[in-house]
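Take a look at the structure set out below.
Quick note: numbers below take in every heavy atom, side chains included, and nothing from hydrogens, waters or symmetry partners. Everything numeric here is computed off the predicted structure, so don't read it as measured data.
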Amino acid sequence: MTWQDWVLSIGNFIFAAALIPSIRSSSKPALSTCIITAIVLILFVVAFLSLQFFLSAFAVTFSAIGYYILAYQKYRQR
């Protein structure tokens, strides 16, 4: 594992943890923001896997899941 994989994965785990207050809150980001961000994060997962940054791909997956949860919650609010 390279140092870049460690830096990217730690940062992405922090980003995923930072989504928890939004997931628990009653106010949610715009639905389009959540969906676009989740899709781009999944593309990042593919890119990290192609670079064999497995820990980073795993960490970004948590952020993407968080945005999919937010998108679902926002959709249910409508």
**Report entry** Set of ring pair (Phe, Tyr, Trp, His ring centres under 6.0 Å) partners for Phe54, sequence neighbours left out
**Finding:**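 Ring pair (Phe, Tyr, Trp, His ring centres under 6.0 Å) list for Phe54, sorted by chain: empty.
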Requested in this report: Indicate the ring-plane relationship of Phe48 and Phe53, choosing parallel, tilted or perpendicular according to the 30° and 60° boundaries.
Outcome: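 If you compare the ring of Phe48 with that of Phe53, the planes turn out parallel.
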**Report entry** Linked hydrophobic residues, Trp3 as query - side chain contacts closer than 4.5 Å
**Finding:**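 Answer for Trp3: Val7.
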In the single-linkage hydrophobic clustering (I, L, V, M, F, W, Y; side-chain heavy atoms under 4.5 Å), do [X] and [Y] co-cluster?
X     : Y     : result
Met1  : Phe58 : yes
Leu19 : Leu8  : yes
Val60 : Ile69 : yes

Applying side chain to side chain donor-acceptor pair (under 3.5 Å) as the test, list every pair that has at least one member in [range]; sequence neighbours left out.
range          : result
residues 38-59 : Asp5-Ser56
residues 58-68 : none
residues 6-24  : none

Taking distance alone, no hydrogens or angles, what donor-acceptor pairs closer than 3.5 Å link side-chain atoms of residues 32-47 to residues at least two apart or in another chain?
residue	atom	partner	partner atom	Å
Thr37	OG1	Thr33	O	2.7

Extract all donor-acceptor atom pairs below 3.5 Å that involve side chains of residues 70-78 and protein atoms in other chains or at least two apart in sequence.
residue	atom	partner	partner atom	Å
Gln73	OE1	Lys28	NZ	2.9
Gln73	NE2	Ile23	O	3.2
Gln77	NE2	Ser26	O	2.6

